[in-house]
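Attaching a single structure in structure tokens format; questions to follow.
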2 protein chains.
Amino acid sequence: MSQDADGIDLDTSVGYLLKEASSALRLSMEEVLKPLGMTVTHYACLELLAQRPGLSNSELARRAFVTRQSMNVLLQALERQGQVSRPAEASVGRVLPARLTPHGRRSLDRATAAVRGVERRMLADLTDADQSAALRVLRTMVASLRQG
Amino acid sequence: MSQDADGIDLDTSVGYLLKEASSALRLSMEEVLKPLGMTVTHYACLELLAQRPGLSNSELARRAFVTRQSMNVLLQALERQGQVSRPAEASVGRVLPARLTPHGRRSLDRATAAVRGVERRMLADLTDADQSAALRVLRTMVASLRQG
DNA sequence: CAATCTATGTCAGAATCCTGACATGAGTCA
DNA sequence: TGACTCATGTCAGGATTCTGACATAGATTG
């Protein structure tokens with residue numbers, strides 16, 4: 001039964017539970033975003049632009065955990081829909097800073113309300129101390145993984 | 001600055017950090033599994049079969065967080081490679097119980113060692129109490145999300 | 001100053017995964 | 001018993017995402 005002789009016990013593995021929780025969260029988000037005609041990456045992109053206006057395609061990709069190629073096709077679609085605007089040419093280097101249009105802002109507001117509901121449900125049975133602990137532990141794990 | 005007026009603050013959002021941690025973990029796992037010619041889902045499938053021999057394709061899919069269609073093409077490939085065996089026809093219903101072959105078992109052992117190293121690094125800076133708290137909090141979040 | 005390195009945006013192709021659908025077998029219930 | 005529901009394995013098609021590659025611009029380094 002020990003983890004040393006046998007494989008990794010999935011029921012007590014932080015890694016497996018991390019994947020499970022992340023998967024459940026993504027599913028719940030897709031569920032509430034679908035009626036709004038939005039995907040999770042789509043929402044993430046708008047939310048990122050709301051908090052850091054002028055983020056580049058590559059930066060958005062990194063923070064949304066997709067490749068810049070994927071983010072670029074999304075940005076092109078969002079530009080076509082008038083939710084995001086980018087200058088025709090770069091003022092410095094090759095970076096094209098993206099910004100939310102008023103239309104994109106309205107889309108985001110609807111999505112944020114929906115997503116906030118999901119996050120609230122996810123945290124409903126946790127105390128404030130639990131949530132703080134979760135933040136600290138998750139940040140520690142990310143840092144440890146990255147310095148590999 | 002409040003979460004009520006503005007959007008969701010990504011830096012203090014448990015949901016965003018969950019995705020970030022999960023993404024970092026997946027990246028690290030891909031990194032160590034690639035030299036072994038294995039994907040994360042591939043590894044997950046073998047690990048699941050080691051712990052619950054006889055799991056069906058659909059069950060494996062659920063526990064590996066992919067669709068049964070995706071798991072099925074993986075299982076077919078693993079059968080071709082001689083890592084997994086399934087009976088030609090079902091003895092009851094349509095369920096085809098899958099099992100690890102000795103060859104699959106050896107592949108899994110190599111992968112488990114690699115993955116255990118990743119998980120160990122991820123948890124290196126956490127106390128036992130932290131890890132217990134993480135397990136409890138993650139389980140609570142999963143349960144809350146599922147009863148939506 | 002020149003060479004190298006790094007990072008960006010973008011294009012094309014391939015791989016992956018999912019959505020939709022079908023037939024089959026088991027359980028449920030009137 | 002018969003109708004209904006549910007779950008399984010599987011096939012085909014499409015959508016999404018990634019891998020690889022290229023030219024370009026800034027930073028770094030000798």
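Naming: A, B, ... by sequence-line order, numbering from 1 per chain.
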Nearest-Å distance, CG (A/Leu55) to C1' (C/dG9)?
->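 A/Leu55 atom CG is separated from C/dG9 atom C1' by 15 Å.
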Apply side chain to side chain contact (heavy atoms under 4.5 Å, CB included) to B/Asp125 and A/Met141, showing your working.
-> CA-CA 8 Å; B/Asp125 290 340; A/Met141 292 194 297; over 6 Å; no
Starting at atom CG of B/Leu74, determine the distance to atom P of C/dT16, rounded to an integer number of angstrom.
->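 In whole Å, C/dT16 P and B/Leu74 CG are 11 Å from each other.
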Does any N or O in the side chain of A/Glu119 come within less than 3.5 Å of the main-chain N or O of B/Val14, such that one atom is a donor and the other an acceptor?
->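 The answer is yes, because a donor-acceptor pair under 3.5 Å joins these two groups.
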Would A/Glu47 and A/Tyr43 count as having a side-chain donor-acceptor pair, cut-off 3.5 Å?
->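 Result is yes, a qualifying pair exists.
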Determine, for A/Asp11 against B/Arg52, whether the closest basic-nitrogen to carboxylate-oxygen distance falls under 4.0 angstrom.
->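 Salt bridge between A/Asp11 and B/Arg52, a charged N being under 4.0 Å from a carboxylate O: yes.
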Indicate whether OP1 or OP2 belonging to D/dG9 is found under 4.0 Å from a side-chain N or O atom of B/Asn72.
->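 So the side chain of B/Asn72 is outside the cut-off, no N or O lying under 4.0 Å from OP1 or OP2 of D/dG9.
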From C/dT10, D/dG9, D/dC18, nucleotide with atom closest to B/Ser58 side chain |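 Shortest atom-to-atom distance from the side chain points to D/dG9.
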Rounded distance (Å) that lies between atom C1' of C/dA26 and atom CZ of B/Arg94 |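 Those two atoms, CZ and C1', are 11 Å apart.
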Could you give the CG-to-P distance, from B/Leu60 to D/dT8, as a whole number of Å?
->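 So the CG-P distance, B/Leu60 to D/dT8, works out to 11 Å.
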Would you say a side-chain N or O of B/Arg68 is under 4.0 Å from OP1 or OP2 of C/dT19?
->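 Negative; the distance criterion is not met.
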Verify the contact: side-chain N or O of A/Thr67 to OP1 or OP2 of D/dC18, cut-off strictly under 4.0 Å; return yes or no.
->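 Yes.
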In plain terms, say whether B/Asp109 and B/Arg116 are close enough for a salt bridge, that is, a side-chain N and a carboxylate O under 4.0 Å apart.
->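 So B/Asp109 does not pair with B/Arg116 through a salt bridge.
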Separation of C/dT8 P from A/Arg86 CZ (nearest whole Å) |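 About 13 Å, once rounded to whole Å.
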Between B/Arg63 (CZ) and D/dT8 (P), how many Å, whole number?
->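 The distance from CZ of B/Arg63 to P of D/dT8 comes to 11 Å, rounded to the nearest Å.
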Among D/dG26, D/dT10, D/dT17, the nucleotide that comes nearest once only the side chain of B/Asn57 is considered =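 Selected nucleotide (nearest to the side chain): D/dT10.
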Take atom CD of A/Gln76 and atom P of C/dA12, then tell me their distance rounded to the nearest Å.
->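 Spelled out: CD on A/Gln76 to P on C/dA12 is 11 Å.
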Could you check A/Arg62 against A/Lys34 and say which one's nearest nucleotide on DNA chain C is further toward the 5' end?
->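 Taking each residue's closest nucleotide, the earlier one in sequence belongs to A/Arg62.
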Just how far, in rounded Å, is C1' of C/dC18 from CE of B/Met71?
->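 Roughly 14 Å, once rounded to whole Å.
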A/Ser70 or A/Gly93: which one's nearest nucleotide on DNA chain D is closer to the 5' end?
->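 Whichever sits nearer the 5' end wins; that is A/Ser70.
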Considering just the side-chain nitrogens and oxygens of B/Arg26, establish if one lies under 4.0 Å of OP1 or OP2 belonging to D/dC18.
->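 No.
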Check every atom of C/dC18, C/dC11, D/dG9 against the side chain of A/Gln69 and return the nucleotide holding the closest atom.
->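 For the A/Gln69 side chain, the nearest candidate turns out to be C/dC11.
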